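Beneath this line is the structure, given in structure tokens, with notes to follow.
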Amino acid sequence: MPDSSQLLLALEFRGTGTHPHSWRRTDSRAEDVFTARYWADLVGRADRAGVDLAFLPDSFGIDSGADTVRGRLEAVGVAARLSAVTSRIGLIPTATVTHTEPFHVAKAVQTLDHTTAGRAGWQVAVSEGEDRAALFGRKGTQDTGSLWTEAAEAAEVAARLWDSWEDDAEIRDVATGRFVDRDKLHYIDFVGEHFSVKGPSITPRSPQGRPLVAVAAADEQSFDFAAERADLVRIEAADLGSAANLAERLRAQAGDRRPAVLLDIDVLLAADDATAAAAADLAQLENWAGAAYTPESLFYRGGPAGLLALLGDVDGLDGVVLRPLALAGTVAALTERVLPVLRPQVPTSTGTLRDRLGLPRPANPYATA
């Protein structure tokens with residue numbers, strides 16, 4: 001049996017939970033969801049308990065149901081706030097590239113890498129649909145292929161901007177009054193189908209050189225993007241065997257690259273091991289929704305012991321992303337009943353996120369040239 005303590009353990013922090021009616025639970029803390037306190041409490045608790053990564057989803061869409069949580073805070077901004085109240089957990093906000101400029105995204109994510117001392121990542125996402133395009137009014141809708149071609153260009157622009165300052169560009173020479181060596185700042189001169197960016201960035205190269213790039217590989221286009229560019233790849237599968245096969249296929253396509261593959265697991269975690277408790281919790285959510293819950297990936301509902309057993313059976317994957325249906329209650333049960341068993345000794349923060357994941361710090365191509 002694989003050693004589950006070595007798995008990368010990530011949590012997705014989505015509103016009050018993945019289930020759209022989770023806000024109606026008495027433990028949801030829905031009244032706090034638009035406050036810094038809410039996110040600091042939950043992500044800080046996960047950080048202290050030994051969770052490796054915090055995914056902070058974001059989107060240009062808004063839930064349309066009158067009885068669901070409407071609106072959200074911007075993910076990169078939330079991550080910036082969390083950089084001051086966490087010490088080890090990797091912070092990976094989603095930043096959508098459709099309708100936005102890669103210069104702005106690259107600068108924001110690289111700033112986060114500075115403020116976290118090297119714990120930042122970026123989940124790349126695209127935005128489909130006429131309604132979302134109308135929010136900006138800059139261009140019409142795009143098909144999936146065009147969206148991911150644009151995303152690949154945006155990721156390339158970001159990587160070049162992150163490298164546009166050499167590591168030793170800051171000289172801070174008081175005698176001559178020079179703060180930077182301008183010969184070590186580089187124009188990136190990128191011209192593509194969707195973007196034309198001269199650069200350089202206004203932000204110095206950060207602790208990781210390049211923050212980690214993550215993507216959810218949900219279709220062929222995003223799968224190709226993941227194989228070519230991502231450091232962290234999130235996949236969906238109905239069972240562990242299918243997930244391992246998908247991970248093997250992705251690694252084969254990635255070739256010499258070795259992205260970490262993480263399986264999304266929808267979770268409804270009860271406080272104890274009585275299966276009836278989780279069943280009752282799910283029944284209440286489904287009753288509020290007026291429909292059965294349809295999971296997007298493997299779905300676990302039960303107590304801490306069952307989740308520990310499931311994690312012990314994971315093989316052929318680098319880790320998992322737990323997607324709580326009810327966020328606050330799951331974080332409490334996870335940190336009190338699961339993590340102390342899975343990771344009785346929480347390691348202190350040492351090095352950057354790349355260091356901890358065994359990923360090399362990318363060489364700066366402008367410096368080597």
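Note: hydrogens, waters and symmetry copies are ignored here, and every other heavy atom, side chains too, is used. No experiment lies behind these values; they were computed from the predicted model shown.
Under the 4.5 Å side-chain contact rule for hydrophobic residues, V105 and V76 do not share a cluster. Grouping the Ile, Leu, Val, Met, Phe, Trp and Tyr side chains by contacts below 4.5 angstrom, directly or via other members, places V233 with L317. Hydrophobic clustering (side-chain heavy atoms under 4.5 Å, transitive across Ile, Leu, Val, Met, Phe, Trp, Tyr) groups L308 together with L263. Criterion: ILVMFWY side-chain heavy atoms under 4.5 Å apart, direct or through other members. Under it, L91 and L322 are part of a common hydrophobic cluster. Under a hydrophobic clustering in which Ile, Leu, Val, Met, Phe, Trp and Tyr are joined whenever their side-chain heavy atoms come within less than 4.5 Å, directly or via other members, F103 and Y366 fall into the same cluster.
The two residues V85 and A40 have their closest heavy-atom pair at CG2-CB, 3.9 Å. Across all their heavy atoms, L298 and A238 have their closest contact at CD1-O, 3.3 Å. The two residues L339 and G50 make their nearest non-hydrogen contact at CD1-C, 4.3 Å. Minimum interatomic distance between A278 and L268 (heavy atoms only, all atoms of both residues): O-CD2, 3.7 Å. Taking every heavy atom of both residues into account, L161 and P200 meet most closely at CD2-C, 4.0 Å. Of all non-hydrogen atoms in A49 and V346, the two that sit nearest each other are O-CG2, 3.4 Å.
Under the 3.5 Å distance criterion, with hydrogens and angles disregarded, a donor-acceptor pair is assigned to the side chains of R119 and T86. In the model, T35 has no side-chain atom that pairs as donor or acceptor with a side-chain atom of D32 under 3.5 Å. In the model, D113 has a side-chain atom that pairs as donor or acceptor with a side-chain atom of Q208 under 3.5 Å. Using a 3.5 Å distance cut-off with no hydrogens or angles, the side chains of D224 and Q253 do pair a donor with an acceptor. For S164 and S201, the side-chain atoms include no donor-acceptor pair closer than 3.5 Å.
Electrostatic pairing of R257 and E228 does not count as a salt bridge here, judged by no charged N lying under 4.0 Å from a carboxylate O. Using a 4.0 Å cut-off between charged nitrogen and carboxylate oxygen, D167 and K184 do not count as a salt-bridge pair. Salt-bridge annotation for R323 and E296: present, with a side-chain N of the basic residue lying under 4.0 Å from a carboxylate O of the acidic one. Ion pairing between E153 and R160 fails under the 4.0 Å rule for side-chain N and carboxylate O.
Here the straight-line distance linking atom CG of L56 with atom CG of L73 works out to 10.5 Å at 0.5 Å rounding. Here the CZ-OG distance, from R234 to S297, works out to 9.5 Å after rounding to the nearest 0.5 Å. For the atom pair D143 CG and Q221 CD, the distance stands at 8.0 Å (nearest 0.5 Å). To the nearest 0.5 Å, atoms CD1 (I235) and CG (L262) are separated by 8.5 Å. Put simply, CG on L357 and CZ on R258 are 11.0 Å apart, with the number rounded to the nearest 0.5 Å. Atom OG1 of residue T203 and atom CH2 of residue W165 lie 8.0 Å apart, to the nearest 0.5 angstrom.
Contact check for P211 versus S206: side-chain heavy atoms found under the 4.5 Å cut-off. Residues T16 and Y38 form a side-chain contact, since some pair of their non-hydrogen atoms from C-beta on lies under 4.5 Å apart. In this structure the side chain of L310 never reaches within 4.5 angstrom of the side chain of V320, judged on heavy atoms. Using a 4.5 Å cut-off on side-chain heavy atoms (C-beta onward), S59 and R132 make contact. Side-chain contact check for F195 versus E150: some heavy-atom pair is nearer than 4.5 Å. Within the 4.5 Å cutoff, the side chain of R210 has heavy atoms near those of the R354 side chain. By the 4.5 Å heavy-atom criterion applied to side chains, Q123 and V215 are not counted as neighbours. Inter-residue side-chain proximity for L7 and D318 is flagged as unmet; no heavy-atom pair is nearer than 4.5 Å.
Checked by atom type and distance alone, the side chain of D231 pairs as donor or acceptor with a backbone atom of V213 at under 3.5 Å. Not a single donor-acceptor pair under 3.5 Å links the side chain of S28 to the backbone N or O of R24. In this structure, T96 contributes its side chain and T98 its backbone to no donor-acceptor pair below 3.5 Å. One N or O on the side chain of E74 and one on the backbone of G77 form a donor-acceptor pair closer than 3.5 Å. Side-chain N or O atoms of S22 include none that pairs as donor or acceptor with a backbone N or O of T18 at under 3.5 Å. The closest donor-acceptor contact from the side chain of T330 to the backbone of A326 lies under 3.5 Å.
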Checklist entry - For L269 and V338, what are the C-alpha separation, side-chain angles and deciding distance, and is it a side-chain contact (heavy atoms from CB on, under 4.5 Å)? => result CA-CA 10 Å; L269 187 60; V338 176; 4.2 Å; yes

Checklist entry - Can you list the steps and then say if F299 with L325 is a side-chain contact (heavy atoms from CB on, under 4.5 Å)? => result CA-CA 10 Å; F299 182 22; L325 270 67; 3.9 Å; yes

Item to check | Worked check of side-chain contact (heavy atoms from CB on, under 4.5 Å) between R205 and W162 | outcome: CA-CA 6 Å; R205 203 164 193 244; W162 291 337; 5.7 Å; no

Next on the checklist: Set out, in order, the CA-CA distance, both residues' side-chain angles and the distance that settles side chain to side chain donor-acceptor pair (under 3.5 Å) for S242 and N245, then state yes or no.
Outcome noted: CA-CA 5 Å; S242 299; N245 291 337; 5.5 Å; no

Next on the checklist: K198 vs V191, test: side-chain contact (heavy atoms from CB on, under 4.5 Å). Steps then yes/no.
Outcome noted: CA-CA 8 Å; K198 188 173 184 64; V191 179; over 6 Å; no

Checklist entry - Which is it for E170 and R182 under the salt bridge (Lys or Arg N to Asp or Glu O under 4.0 Å) test, yes or no, and what are the steps along the way? => result CA-CA 9 Å; E170 297 175 65; R182 291 191 58 83; over 6 Å; no

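The environment of Y187 atom OH is sparse: at most 12 non-hydrogen atoms of other residues, nucleotides or ligands sit within 6.0 angstrom. By the 6.0 Å contact criterion, CD on E336 is enclosed, its count of non-hydrogen atoms from other residues, nucleotides or ligands being greater than 12. The number of heavy atoms from other shown groups lying within 6.0 Å of CD (E31) is above 12.
Cation-pi geometry between R249 and F223 is met: the NZ or CZ atom falls under 6.0 Å from the ring centre, inside 45° of the normal.
Ring pair F60/H99 is tilted by interplanar angle, where 30° to 60° counts as tilted. Ring geometry for Y293 versus H19: interplanar angle of 30 to 60°, hence tilted.
Each of D47, D52, D355 was compared with R88 under the salt bridge (Lys or Arg N to Asp or Glu O under 4.0 Å) criterion, and only D52 meets it.
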